[in-house]
Peer 1: 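Just passing along the structure, written as structure tokens.
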Amino acid sequence: MDNLAAVSTEPVKVTVTGAAGNIAYSLLWRIASGDVFGAERHVDLTLLETPEHVHAAQGVAMELADSALHLVRNITVTDDQKTGFDGVNAAFLVGAKPRGKGESRADMLEANGRIFVAQGRSINESAAQDVRVLVVGNPANTNAYIASKAAPDVPAERFNALMRLDHNRGLSMLSDYLGVPASKIDSLVVWGNHSDTQFPDIEFLRVGGKSVTEQIDRGWYENEFIPRVALRGAEIIKVRGHSSAASAASAAVDHMRDWVSGTGGRWVTVAQPSTGEYGVDEGLVFGFPTTAINGRQTVVPGLDINDFQRERIDANITALRAEAAIADELFT
């Protein structure tokens, strides 16, 4: 069964890690209500947490049960990874260690690396053959790279990282600027890494099938739009006092729904393992323009890349190479 949205009497087995956290708290109800796999598809939910947080996850499970959601067949709460990924069809890897005070990005990568090596190995041993893995926990691209490397028997393309949040942020800002609904905007792409090097690219942007790139002021685009999309998470923390949770969960829903059901020809940004497209090193988990049909994702091919784009794409390649070098040390 490659298309998880297909009609079936069998429920989709879904695992969410970091299940006691704020993102999962928004995500789980969306999954349980049919927003990801369809309004007729039942789900078995597994809430995977660390031992110190499993009690809180049990409280989340109680609330899910109290919601009497008709698509939910079973809810399992566990801190055991083998149990957590047993037979799983779709995994949302939300839980990750945030960067501590005084820690470098390398420190964060090393700490999270141990988490995602263990999860990748458990997925390799226990998951269903059609498993799809979406890494939400940061640094998402390299965590996905690590988990995939730790799961050699699972095709690499089954591991994605969440850059749909960056894509959605860009759509929202462009909607305000152009005065059109976000749903009418197509062919935005956020190249690269879910970090401050990411490159939100409007060179191919279309509204109603027509190019609108020339309608956008170049100064606004380069000096406001690009950095604001990249730094939106920090802006939200400054204003709200907490990191993005509901919007991250919503983006995760969008990503997995389109992965299993298709994009209808529209471009979305997907961070997926490169096979050499656009000069990106093979294996790096990189944000690309992507379409999906019948459960399969395809990087949009053959785009002409100008010098402005090339410089920013290359900056992301360099950053992800450095992160991958740190991650590779976990396997030596």
Side-chain angles (χ1 to χ4, degrees), residues 14 16-37 47 60 63-64 90-99 132-141 143-144 160-178 180-186 188-202 224-261 263 266-272 285 287 289-290:
V14 184
V16 177
T17 74
N22 288 330
I23 294 175
Y25 196 74
S26 294
L27 175 61
L28 284 160
W29 271 261
R30 298 284 303 277
I31 296 169
S33 298
D35 290 351
V36 179
F37 304 104
L47 281 56
V60 175
E63 285 202 75
L64 280 164
F92 295 82
L93 306 189
V94 178
K97 180 183 180 297
R99 188 187 301 189
R132 288 171 170 82
V133 181
L134 176 59
V135 176
V136 178
N138 288 320
N141 295 57
N143 286 341
N160 286 183
L162 184 68
M163 288 187 67
R164 186 62 172 269
L165 178 56
D166 309 299
H167 185 96
N168 288 352
R169 287 166 170 168
L171 286 178
S172 175
M173 294 177 199
L174 289 165
S175 173
D176 287 344
Y177 184 90
L178 295 168
V180 298
S183 61
K184 300 294 185 183
I185 302 172
D186 191 23
L188 172 70
V189 55
V190 185
W191 299 93
N193 195 7
H194 179 64
S195 71
D196 57 8
T197 63
Q198 66 178 250
F199 172 41
D201 185 0
I202 64 164
E224 184 173 341
F225 177 76
I226 291 176
R228 195 174 185 203
V229 173
L231 299 173
R232 181 65 164 180
E235 182 182 355
I236 288 171
I237 291 172
K238 183 177 179 180
V239 174
R240 183 173 176 260
H242 300 280
S243 60
S244 305
S247 58
S250 185
V253 166
D254 291 344
H255 181 121
M256 188 67 77
R257 180 199 63 231
D258 287 349
W259 195 353
V260 301
S261 298
T263 64
R266 299 182 73 237
W267 293 14
V268 294
T269 297
V270 174
Q272 58 191 290
V285 177
T290 302

Peer 1: With the side chain counted from C-beta on, respond yes when Asn160 and Val135 share a heavy-atom pair under 4.5 Å apart, and no when they do not.
Peer 2: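 Heavy-atom side-chain distance check fails, nothing below 4.5 Å.
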Peer 1: Determine whether a donor-acceptor pair (N or O, by modelled atom type, separation under 3.5 Å) exists between the side chain of Asp166 and the backbone of Val229.
Peer 2: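 Not at all, since once roles are kept as given, no pair shorter than 3.5 Å links the two residues.
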Peer 1: Test side-chain contact (heavy atoms from CB on, under 4.5 Å) on Phe199 and Val189; report intermediate values, then the result.
Peer 2: CA-CA 8 Å; Phe199 172 41; Val189 55; over 6 Å; no
Peer 1: Enumerate the side-chain hydrogen bond (donor to acceptor under 3.5 Å, both in side chains) contacts for residues 22-32, please, sequence neighbours excluded, ordered by first and then second residue.
Peer 2: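 As it turns out, the side-chain hydrogen bond (donor to acceptor under 3.5 Å, both in side chains) pairs with a partner in residues 22-32, which skip direct neighbours, are Tyr25-Glu63, Trp29-Ser67, Arg30-Asp35.
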Peer 1: Consider only side-chain N and O atoms of Asn193 and Gln198, and report whether a donor and an acceptor are under 3.5 Å apart.
Peer 2: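 Per modelled atom types, Asn193 and Gln198 side chains form no pair under 3.5 Å.
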Peer 1: Flag the pair Thr290 / Trp267 as yes when at least one side-chain heavy-atom distance between them is below 4.5 Å, and no otherwise.
Peer 2: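 They are not in contact (no side-chain heavy atoms under 4.5 Å apart), so the answer is no.
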Peer 1: One pair to check against side-chain contact (heavy atoms from CB on, under 4.5 Å): Ser247 and Leu165. What are the steps and the verdict?
Peer 2: CA-CA 7 Å; Ser247 58; Leu165 178 56; 3.8 Å; yes
Peer 1: Are a donor atom and an acceptor atom from the side chains of Asn138 and Asn143 found within less than 3.5 Å of each other?
Peer 2: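 Checked: Asn138/Asn143 side chains show no N/O donor-acceptor pair below 3.5 Å.
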Peer 1: I'd like to know if the side chain of Asn141 reaches the main chain of His194, judged simply by a donor and an acceptor atom lying under 3.5 Å from each other, with no hydrogens or angles considered.
Peer 2: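 Judged by distance alone, yes, a pair lies under 3.5 Å.
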Peer 1: I would like to know whether Leu134 and Leu162 meet side-chain contact (heavy atoms from CB on, under 4.5 Å); could you show each step before the answer?
Peer 2: CA-CA 7 Å; Leu134 176 59; Leu162 184 68; 4.2 Å; yes
Peer 1: Roughly how far, to the nearest 0.5 Å, is NE2 of His242 from CD1 of Ile236?
Peer 2: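 Atom-to-atom, Ile236:CD1 and His242:NE2 are 12.5 Å apart.
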Peer 1: Please name the residue in the list Ile23, Leu93, Leu27 that meets the side-chain contact (heavy atoms from CB on, under 4.5 Å) test with Val16.
Peer 2: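 Among Ile23, Leu93, Leu27, the one meeting side-chain contact (heavy atoms from CB on, under 4.5 Å) with Val16 is Leu27.
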Peer 1: Is the shortest side-chain N to carboxylate O distance from Arg232 to Glu235 below 4.0 Å?
Peer 2: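 Salt bridge between Arg232 and Glu235, a charged N being under 4.0 Å from a carboxylate O: yes.
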Peer 1: Counting N and O atoms only, with roles assigned by atom type, does the side chain of Thr269 sit under 3.5 Å from a partner on the main chain of Val190, one being a donor and the other an acceptor?
Peer 2: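 Yes, the answer is positive, given that a donor and an acceptor are paired below the 3.5 Å cut-off.
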Peer 1: Between Met163 and Val270, is the side-chain contact (heavy atoms from CB on, under 4.5 Å) condition met? List the steps.
Peer 2: CA-CA 6 Å; Met163 288 187 67; Val270 174; over 6 Å; no
Peer 1: Closest approach of Ala96 and Gly137, non-hydrogen atoms and distance?
Peer 2: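 That closest heavy-atom pairing would be CB-CA, 3.7 Å.
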Peer 1: Side-chain contact, heavy-atom cut-off 4.5 Å: Phe225 with Leu174?
Peer 2: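 Contact flag for Phe225/Leu174 side chains = yes.
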Peer 1: Calculate, to the nearest 0.5 Å, the distance between atoms CG and OG1 belonging to Leu47 and Thr17 respectively.
Peer 2: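 That separation rounds to 10.0 Å.
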Peer 1: For Ser244, what residues pass the side-chain hydrogen bond (donor to acceptor under 3.5 Å, both in side chains) criterion, not counting sequence neighbours?
Peer 2: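 Ser244: side-chain hydrogen bond (donor to acceptor under 3.5 Å, both in side chains) contacts with Arg169.
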Peer 1: Any side-chain heavy-atom pair from Leu188 and His167 closer than 4.5 angstrom?
Peer 2: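 Leu188 vs His167: side chains touch.
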Peer 1: Before you tell me yes or no, could you show the steps for Asp258 and Arg266 under salt bridge (Lys or Arg N to Asp or Glu O under 4.0 Å), namely the whole-Å CA-CA distance, both residues' side-chain angles and the distance that decides it to 0.1 Å?
Peer 2: CA-CA 10 Å; Asp258 287 349; Arg266 299 182 73 237; over 6 Å; no
